[in-house]
Amino acid sequence: MKVIAIVSTAGGTGRTTLSAALAVLLARRGRQTVALDLDPQNMLGAHLGIDGFAPQGIAHALLDDTHAWHAHTWRNAEGVLFVPYGAVSLAQSARCDARLAAEPRWLATALAQLDLPRDGVVLIDTARYPSQQAEQAVGCADLVLCVTPPEPAACATLVVRLAALRSGGAQLRIVVNRLNPARDMQRDVLAMLGAALGDGVPLVQRVHLDGALPESFARGTWLFDDAPHSQASHDLHGVANWLDTWLADAPRKPTHRDGERA
Ligand SMILES: Nc1ncnc2c1ncn2[C@@H]1O[C@H](COP(=O)(O)OP(=O)(O)OP(=O)(O)O)[C@@H](O)[C@H]1O
Ligand SMILES: [Mg+2]
């Protein structure tokens, strides 16, 4: 089982959209796929086609050790196993954050309870980085997928956090989302980002801006089914193919999870 954390240092970059789309595309490629929502917004379920907001989830296991979060998982129509964050009040949210801060290995221990095969994958949608949720996900990830729009402010915040994002030892890759080739400025921003990343972190994939993406979400369908020949659908398949190959080839990061199993 490999763990992929989907993070970003700006808000509204498309991490929940990409988490859901990639989970479905990997499931369609035959992988056992878990989509875990580690964002108090609790929105990933809606993207995966679950009606309404899941009331219970992993947050309730943070609040109460006797809460079995596995009892509140859902399987969507595509076979993705979905673990919600759950609905929390402001006070509960603060308690969740405090527990994650006090127990940096809490998520790793929870993930060790998942009985996934070696070629299974857990995709974690996270609250905006830095946050306790994103920090935990980065800490136990084999791969950190960092989603950013090719915009100056978003890329600047990413560059500032690069060292911290790399510090967990996971591979780090960038997905540039909402690319609009009509805007020259985006080319300049990408060149600057490339220079800041250096040789070690290629910009793996680009997903073009497509106004049909939010519309598909609103309809409860998938862009890659509604408009399979669109550029953004092609891009999403490209990211999924890259991930599928990476999952098959990349060695697992040696982590404390191994120690826990021993
Ligand atoms: N490539 C794209 N083209 C057009 N719209 C997009 C694209 N990617 C995402 N969006 C839209 O951008 C909006 C924000 O996406 P999403 O909620 O996935 O971002 P997020 O990073 O999870 O946001 P938050 O910081 O609130 O968690 C949504 O309306 C989504 O449909
Ligand atoms: Mg989100």
Side-chain angles (χ1 to χ4, degrees), residues 1 3-20 23 33-48 50-76 80-116 121-147 157 161 164-165 167-170 255-257 259-260:
M1 171 182 104
V3 177
I4 301 176
I6 298 171
V7 304
S8 54
T9 55
T13 60
R15 11 182 232 297
T16 305
T17 302
L18 292 183
S19 299
T33 306
V34 175
L36 192 156
D37 194 351
L38 209 63
D39 185 342
Q41 281 194 46
N42 202 22
M43 270 299 286
L44 182 58
H47 282 259
L48 285 167
I50 313 285
D51 273 346
F53 291 97
Q56 302 279 323
I58 201 154
H60 299 82
L62 276 165
L63 294 166
D64 172 4
D65 280 322
T66 63
H67 177 92
W69 57 269
H70 338 72
H72 299 284
T73 57
W74 307 60
R75 202 169 283 279
N76 86 345
V80 174
L81 184 70
F82 165 54
V83 184
Y85 193 77
V88 284
S89 66
L90 196 57
Q92 287 174 321
S93 190
R95 281 172 50 210
C96 289
D97 287 4
R99 179 145 193 212
L100 289 171
E103 299 177 38
R105 290 172 57 183
W106 189 91
L107 180 63
T109 307
L111 289 180
Q113 296 168 11
L114 279 171
D115 193 20
L116 273 188
V121 58
V122 183
L123 290 166
I124 309 177
D125 181 24
T126 60
R128 177 179 172 176
Y129 189 94
S131 61
Q132 295 301 334
Q133 289 79 8
E135 192 68 29
Q136 290 255 342
V138 167
C140 54
D142 299 286
L143 173 69
V144 174
L145 267 194
C146 196
V147 183
T157 59
R161 302 289 179 185
L165 288 169
S167 66
T255 67
H256 37 70
R257 296 203 306 271
E260 278 158 9

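Below, all heavy atoms of this structure are taken into account, side chains as well, without hydrogens, waters or symmetry copies. None of these values were measured; they are calculated from a predicted model. Throughout, numbering of the chain's residues begins at 1 and tracks the sequence.
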Self-check item: Heavy atoms of other groups near Asp51 CG, more than 12 under 6.0 Å
Solution: no
Quiz item: Would you say the side-chain atoms of Ser167 pair up with the backbone N or O of Ala164, donor to acceptor, closer than 3.5 Å?
Solution: yes
Quiz item: Okay, side chain of Gln136, backbone of Leu100: is any donor-acceptor separation there less than 3.5 Å?
Solution: yes
Quiz prompt | Candidates Asp125, Leu36, Leu38, Asp39 - the one meeting side-chain contact (heavy atoms from CB on, under 4.5 Å) with Tyr85 | solution = Leu38
Quiz item: Which atom names give the shortest non-hydrogen contact between Ala59 and Cys96, and what distance separates them?
Solution: O-SG, 3.7 Å
Exercise. Would you name the heavy atoms of Trp69 and Ala110 that are closest together and state the gap between them?
Key: CZ2-O, 3.3 Å
Quiz item: Between the side chains of Ser8 and Arg15, does any donor sit under 3.5 Å from an acceptor?
Solution: yes
Quiz item: Do Ser19 and His47 have side-chain heavy atoms sitting under 4.5 Å apart?
Solution: no
Quiz prompt | Met1 vs Val34 side-chain heavy atoms within contact, under 4.5 Å | solution = no
Quiz item: Can you list the steps and then say if Val88 with Leu63 is a side chain to side chain contact (heavy atoms under 4.5 Å, CB included)?
Solution: CA-CA 10 Å; Val88 284; Leu63 294 166; 4.2 Å; yes
Self-check item: Test item: Leu18 and Leu145 side chains (from C-beta on) under 4.5 Å apart, heavy atoms
Solution: no
Quiz item: Is the shortest heavy-atom distance from the side chain of Arg95 to the side chain of Leu62 under 4.5 Å?
Solution: no
Quiz prompt | Straight-line distance of Thr17 OG1 to Leu44 CG, nearest 0.5 Å | solution = 9.5 Å
Quiz prompt | Distance-minimising heavy-atom pair for Gly14 and Val147 | solution = C-CG1, 4.4 Å
Quiz item: Looking only at heavy atoms, which two atoms of Tyr129 and Ala134 are closest? And how far apart?
Solution: CD1-CB, 3.6 Å
Quiz item: Between Leu107 and Ile124, is a side chain to side chain contact (heavy atoms under 4.5 Å, CB included) present by the stated rule, with each step listed?
Solution: CA-CA 11 Å; Leu107 180 63; Ile124 309 177; 4.0 Å; yes
Exercise. Check whether any side-chain heavy atom of Asp65 sits under 4.5 Å from a side-chain heavy atom of Arg99, and report yes or no.
Key: yes
Practice problem: Please lay out, stage by stage, how His72 and Ile58 fare under the test side chain to side chain contact (heavy atoms under 4.5 Å, CB included). | Solution: CA-CA 8 Å; His72 299 284; Ile58 201 154; over 6 Å; no
Practice problem: For Thr126 and Ile6, indicate whether the former's side chain and the latter's backbone hold a donor-acceptor pair under 3.5 Å. | Solution: yes
Quiz item: With a 4.5 Å limit on heavy-atom distance, are the side chains of Phe53 and Met43 in contact?
Solution: yes
Self-check item: Nearest atoms (heavy-atom pairs only) where Ala170 meets Ala141
Solution: CB-O, 3.1 Å
Exercise. Identify the two heavy atoms, one from Ser131 and one from Ala127, that lie closest to each other, and give their separation to 0.1 Å.
Key: OG-O, 3.4 Å
Quiz item: Counting N and O atoms only, with roles assigned by atom type, does the side chain of His60 sit under 3.5 Å from a partner on the main chain of Ala87, one being a donor and the other an acceptor?
Solution: yes
